[in-house]
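Since we're looking at a predicted model, the values are computed, not measured. Order of the sequence lines fixes the chain letters, A, B, ..., with proteins taken first and strands second; residue numbering starts at 1 for each chain.
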There are 2 protein chains.
Amino acid sequence: METPQHHPLDAAIALEPAGEHRYRGSTSADYANMVGPFGGVIAATLLNAALTHPQRLGDPLSLTVHYAAPIADGDYDISARPMRTNRNTQHWLIELLQGDGVAAFATAVFANRRDTWGATETPFPEVPPPDAVAVAPTHPRAAWTRRYQMRFITGALGEADADREPDSLTQVWMRDDPPRPLDYAALASLCDAFFPRIFVRRPSWVPVGTVALTTYFHADAAQLAAQGTQPVLGAARAGRFGNGFFDQSAEVWSSDGQLLAVSHQVVYFKE
Amino acid sequence: METPQHHPLDAAIALEPAGEHRYRGSTSADYANMVGPFGGVIAATLLNAALTHPQRLGDPLSLTVHYAAPIADGDYDISARPMRTNRNTQHWLIELLQGDGVAAFATAVFANRRDTWGATETPFPEVPPPDAVAVAPTHPRAAWTRRYQMRFITGALGEADADREPDSLTQVWMRDDPPRPLDYAALASLCDAFFPRIFVRRPSWVPVGTVALTTYFHADAAQLAAQGTQPVLGAARAGRFGNGFFDQSAEVWSSDGQLLAVSHQVVYFKE
C-alpha cells in the first residue's frame, strides 16, 4: 500500500498556495479521461482547495460541481473563498480558472457533526462480497479507470444487450488502485466514478459529459478512518433520459453497510 | 383562476432591476415560514433572477440553492451573473444579499433542449387520482402552507405513530393555491414544499433547516404548458439521518405521469 502522500490521487489533487484564497494546480496524466481530466478528480481537487484552506471549519457535508467548459490538460488556478461562515456550518465558492475563463466551479458546505439519533432508510443492497466478484478490465481509452479497481456485480459496460431488465442499475465494489485510505477527497472522486448511465442502458457510444454533480457526505471522519483501504460498494441508476440530458443517482456504502455518501448528477448526451 | 401576474407567487418572486447583474426584491408574508421566508420561494426567486436576466440562454436544467444564513423578513438585493456561457448551456451564480452578507446563494445551469431518445427509469407510483384524496389542512404556524393545496396519499405530518413502515415516504398531490399555471419558478418552489422528512419519520418537533438543495428540471416548456394548473404528484423520502443532518430526495410528476423534476436536499436537525 502506498502512503497517501505518494499516491497518484494525492499528486493529482495537490495545490500550491498562490495568495489569499488562491491556489495553483495541474491536471494529472494518471487521471486523464478520453478528453481532458476525469471529472471525479476535478471534484476532489476543488474540494481539496477548501480542505486545505486556512479558514476551513469542520468537514465536508455537501459538494456541488459545475463542469462549465472543457478543461485543458495543464495548469490551472483555483479561487476558493468562504461565502458565509456560521458557528457550525460554512458555505464555499471554489472556481477553477484556465485562460481568462471559469472552466469549472463548485459550491460546498462544511460542517461540524454532532452525535444524534440516526437511521438509514435506503436499503443496503444484497450483494456478494468483493472477493466473489471478478475484477473488471480497465478502459483502454480512459487512463483514469486504471486508478480504480472495479468489481461489477451488475451493470458493467457492454451489458446493455444482455438478458436483464431494461434499466441502468450498476452495483460495483470499488477502491482506489493502488489502495489508498479513504478520505473526503477520495470519496468525492469515487462518487463520479460511475460510468454515464446511458452506456449501461444502451449499447452504442455517444458523446456525453457531466454538467453538474452534487454529493452529500454522510460519513464522519471516524467512519472514513474505519473504512481504510477496503473496497466500497457503489450503486448507481438513472432517473429520466430525454431532451439531450439525463440524471443519475449513486450511493457509496462502506464495506460493512454504512451509507458513506449519495451523489446526483445531470449529464449531457448527444445523438 | 388568477392570472400569473396577480398570483401571490409572482408577487413574492418579483424583482426590480437595479443595475447590471443586480436586482431588488423583498420577502412576502404570503410565503412566510415559522421563521423567515419559505425556502421554496427563495429558490424560485433566485431562479427568477436568471430567468429575467437579459443574457439568459435557454431554460433551467439544474438549480442548487445554499441557505447560508437566516433570511430576515424585508428587502434584499440579488446579484445574478453568468459564470460561463457556451453554445447550448449557461452556468450561473446568483447571490441573495442582506445587510453586509450573503444570506443565500444559488448556482444554476440553463440549457437549450433538443429532441432525443428518452426513457424514464424511476417508476410512476400507483396512486389514486387527486379527487379521491382529501385536501389536508394547512399548518397554522407556516403561512406558506396556505399557498399550496396538498392531498396526502401517504406520509402526511402526524402519521409517525401510525401503523406503517418505519420510513419517511410521502406521496402527495399538490398545486399552487390559488391555482396557477406551472412554470419553472413554480416548479422550483414546489420541489421544496415537502416537509422535512424527520417530521414524517418521528412524531416530535425539533429545529430543522435546509442547508442546500439541488433540483434537476426534466420538463421542457411544452410539458409545463400542458400541465397548466392541474395538481402534480410529489414523492419524497429520506436517505440517511445522522450526525445532525439528513438527506431527502423528491420527484415531481405531471398529472399524466411524466417526470417533471427531481430534487435532493441536505437538512440540518437539532435534538
Side-chain angles (χ1 to χ4, degrees), chain A residues 61-62 64 66-69 83-84 86 88-89 91 93 95 101-103 105-107 109 111-122 166-169 197 201-202 211-212 214 216 218 220 237-247 249 251 258-259 262 264-266 268-271, chain B residues 61-62 64 66-69 83-84 86 88-89 91 93 95 101-103 105-107 109 111-122 166-169 197 201-202 211-212 214 216 218 220 237-247 249 251 258-259 262 264-266 268-271:
Chain A
L61 178 68
S62 81
T64 294
H66 283 242
Y67 299 94
M83 296 281 277
R84 184 94 188 196
N86 302 308
N88 287 309
T89 57
H91 295 257
L93 175 66
E95 299 169 70
V102 177
F105 60 99
T107 60
V109 180
N112 291 322
R113 290 178 164 82
R114 300 165 294 106
D115 193 33
T116 63
W117 170 80
T120 303
E121 296 199 359
T122 306
D167 67 35
S168 64
L169 175 67
R197 298 296 89 195
R201 177 69 186 263
R202 303 177 83 196
V211 179
T214 290
Y216 299 140
H218 285 299
D220 60 22
R237 64 193 64 75
R240 180 186 165 197
F241 303 85
N243 291 326
F245 298 95
F246 61 91
D247 67 309
S249 289
E251 296 102 40
Q258 304 293 310
L259 188 56
V262 296
H264 310 282
Q265 61 179 268
V266 59
Y268 159 86
F269 72 97
K270 188 172 183 179
E271 62 158 25
Chain B
L61 177 69
S62 82
T64 294
H66 284 242
Y67 299 93
M83 297 281 276
R84 184 93 189 197
N86 302 309
N88 287 308
T89 57
H91 295 257
L93 175 66
E95 299 170 69
V102 177
F105 60 99
T107 60
V109 180
N112 291 321
R113 290 178 166 82
R114 300 166 294 108
D115 193 34
T116 62
W117 170 80
T120 302
E121 296 200 359
T122 306
D167 67 37
S168 64
L169 175 68
R197 298 296 88 194
R201 177 70 187 262
R202 303 177 82 195
V211 178
T214 290
Y216 298 140
H218 286 298
D220 60 23
R237 63 193 63 75
R240 181 185 164 196
F241 303 85
N243 291 326
F245 297 94
F246 63 90
D247 68 309
S249 291
E251 296 102 40
Q258 304 294 310
L259 188 55
V262 296
H264 310 281
Q265 61 179 268
V266 59
Y268 158 86
F269 72 97
K270 188 171 180 178
E271 61 156 29

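With a 4.5 Å cut-off on non-hydrogen atoms, B/V262 touches chain A through its side chain but not through its backbone. Proximity to chain A is limited to the side chain of B/N86, based on heavy atoms less than 4.5 angstrom apart. Contact of B/T64 with chain A is made through the side chain alone, with heavy-atom distances under 4.5 Å. Both the backbone and the side chain of A/F269 have a heavy atom closer than 4.5 Å to some heavy atom of chain B. Of the atoms belonging to B/N88, not a single heavy atom falls under 4.5 Å from chain A. For A/E251, no part sits under 4.5 Å from any heavy atom of chain B, backbone or side chain. Only the side chain of A/S62 comes within contact range of chain B, with heavy atoms under 4.5 Å apart. Heavy-atom distances place the side chain of A/R84, and not its backbone, under 4.5 Å from chain B.
The distance from atom CE of B/M83 to atom CZ of A/F105, rounded to the nearest 0.5 Å, is 4.5 Å. To the nearest 0.5 Å, atoms CZ (A/F246) and OG1 (B/T116) are separated by 10.5 Å. Between the CG atom of A/N243 and the CZ atom of B/R114 there is a distance of 8.5 Å, given to the nearest 0.5 Å.
The residue among A/A119, A/G244, A/G118 with the most heavy atom pairs within less than 4.5 Å of chain B is A/A119. Ranked by heavy-atom pairs shorter than 4.5 Å toward chain B, the options A/S249, A/G242, A/A111 are led by A/G242. With respect to chain B, the highest number of heavy-atom pairs below 4.5 Å among A/T89, A/V109, A/D115, A/N112 belongs to A/V109. Between chain A and the options B/K270, B/R113, B/E271, B/H218, heavy-atom pairs under 4.5 Å are most frequent for B/H218. Contacts with chain A were tallied for B/E95, B/Q265, B/R237, B/H66; B/H66 has the most, counting heavy-atom pairs under 4.5 Å. Counting heavy-atom pairs closer than 4.5 Å to chain A, the top residue among B/L93, B/L259, B/D247, B/V211 is B/D247.
Between B/T214 and B/Y216, the closest heavy-atom pair is CG2-CE2, 3.6 Å.
The aromatic rings of A/W117 and B/F241 are tilted relative to each other, their planes meeting at an angle between 30° and 60°.
No salt bridge links A/R197 with B/E121; every basic N to acidic carboxylate O contact stays at or beyond 4.0 Å.
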